[in-house]
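Comments concern the structure below.
What you see below is based on every heavy atom in this structure, not just the backbone, and it leaves out hydrogens, waters and symmetry mates. We number each residue from 1, following the sequence as shown. Counting starts at 1 for both ligands and their atoms, following the listed order.
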Amino acid sequence: MAKKIFSGVQPTGNLHLGNYIGAIKNFVDLQNKKDNQCIFCVVDLHAITVRQDPKELKNNIRETTAAFLASGIEPEKSIIFNQSLVPAHSEGSWILGCVARMGWLNRMTQFKEKAGKDKEKASIGLYIYPVLMAADILLYDATHVPVGEDQKQHLELSRDIAQKFNLDFKSPNFFQTPEPLIQKNFARIMSLKDGKKKMSKSDPSDLSRINLKDTKDEIVNKIKKAKTDNEDMPTDESKLNNRPEIENLLSIYSSLSNQNIKNTIEQFSNKNFSEFKAQLADIVVEIISPISEEIKRLEKDTQFIDDILLNGSQKAEKIAKLKVEKLKKIVGF
Ligand code: AQP
């Protein structure tokens, strides 16, 4: 069945291997499946829920777009745009915010993690982030949303909002209830320094992640320094228990070589860690370096990137504006 796909990435800098494996790589596969209609959004409205330097934000919007293109997302096949160019997202979000319940938002673990102990000082935007995400998805009648596991809870909230709206306004089927598309095995790539923490843009240690713009030497060095333990390479999956760092490195290798973790374990079971790490570095360099070089090349042509975004936003606007107009009519405006 044809799928309508919507997903987004925040232009918050330091795009990393977790974003690639958990999201962008999957976007490319979905785009290349027959009949899928894909919309990939640089979610800049989401980015400002935490303080951004305006100049850096502009660069990061272009960098994220360049990463999409360099990874294989094609503007001829998919709609690529940045969220702030389509006002319907903000308008829709306000209306949906009047449908969502405080109790639902209070359960969102990402807000708790990002706001930390001092949640009184967090922005309201950070708190209502999932409502904007619901608008992003629902305005395009997306049927499927590829996300990393960390976003699953937000997607469930989008479904709740859609259902409550349809019920409250007696408009059955006005909003689709979108399904998450979460990769089974490699949904969460972990920090290279701590296998219990996800690889993240905001980790203060650059050694915790492989950035999509890292050079070959940086990649090799980071993998060399990645945390392991004193035990041997595992010989089967049961030996991965309580070895999150090893599981993570094996997952990265498996994902990039398109094989399951069982095969990777078999491939390296009689090798030592330095041999495994050398081959892991090779495959990361092989996949990431061309992307990295292409991002750097594309970023220099700011006009080209801006044109792609403007073009994409015109296509997106056509769809989202129509839906918001219907939405306004239903609520009585
Ligand atoms: N470590 C990860 N493993 C797998 N998928 C990941 N994603 C993010 N980190 C991992 C997925 O990438 C997509 C885009 O993420 P985002 O940029 O919108 O925001 P994020 O999840 O907040 O990214 P970070 O790196 O975790 O940023 P900070 O440090 O600011 O919190 C999403 O589909 C996400 O699931």
Discussion item. Does Arg62 form a salt bridge (Lys or Arg N to Asp or Glu O under 4.0 Å) with Glu299? I'd like the steps, not just the answer.
Written reply: CA-CA 7 Å; Arg62 291 182 177 133; Glu299 266 181 334; over 6 Å; no
Worksheet item: Hey, is Asp150 close enough to Arg188 for a salt bridge, meaning N to O under 4.0 Å?
Response: no
Discussion item. I need the full list of salt bridge (Lys or Arg N to Asp or Glu O under 4.0 Å) pairs touching residues 76-99, with sequence neighbours left out, sorted by first then second residue.
Written reply: Glu74-Lys77, Glu91-Lys328
Worksheet item: Do Val147 and Lys152 have side chains that get closer than 4.5 Å, going by heavy atoms?
Response: no
Worksheet item: Has Lys296 got more than 12 heavy atoms of other residues, nucleotides or ligands less than 6.0 Å from its NZ?
Response: yes
Practice prompt. Report all protein residues having a heavy-atom distance below 4.0 Å to some atom of ligand 1; order the list by chain, then number.
Written response: Gly8, Val9, Gln10, His16, Gly18, Asn19, Gly22, Ala23, Lys114, Val147, Gly148, Asp150, Gln151, Ala187, Arg188, Ile189, Lys198, Met199, Ser200, Lys201, Ser202
Item to complete: Would you indicate whether the side-chain heavy atoms of Glu63 and Pro11 approach each other to under 4.5 Å?
Response: no
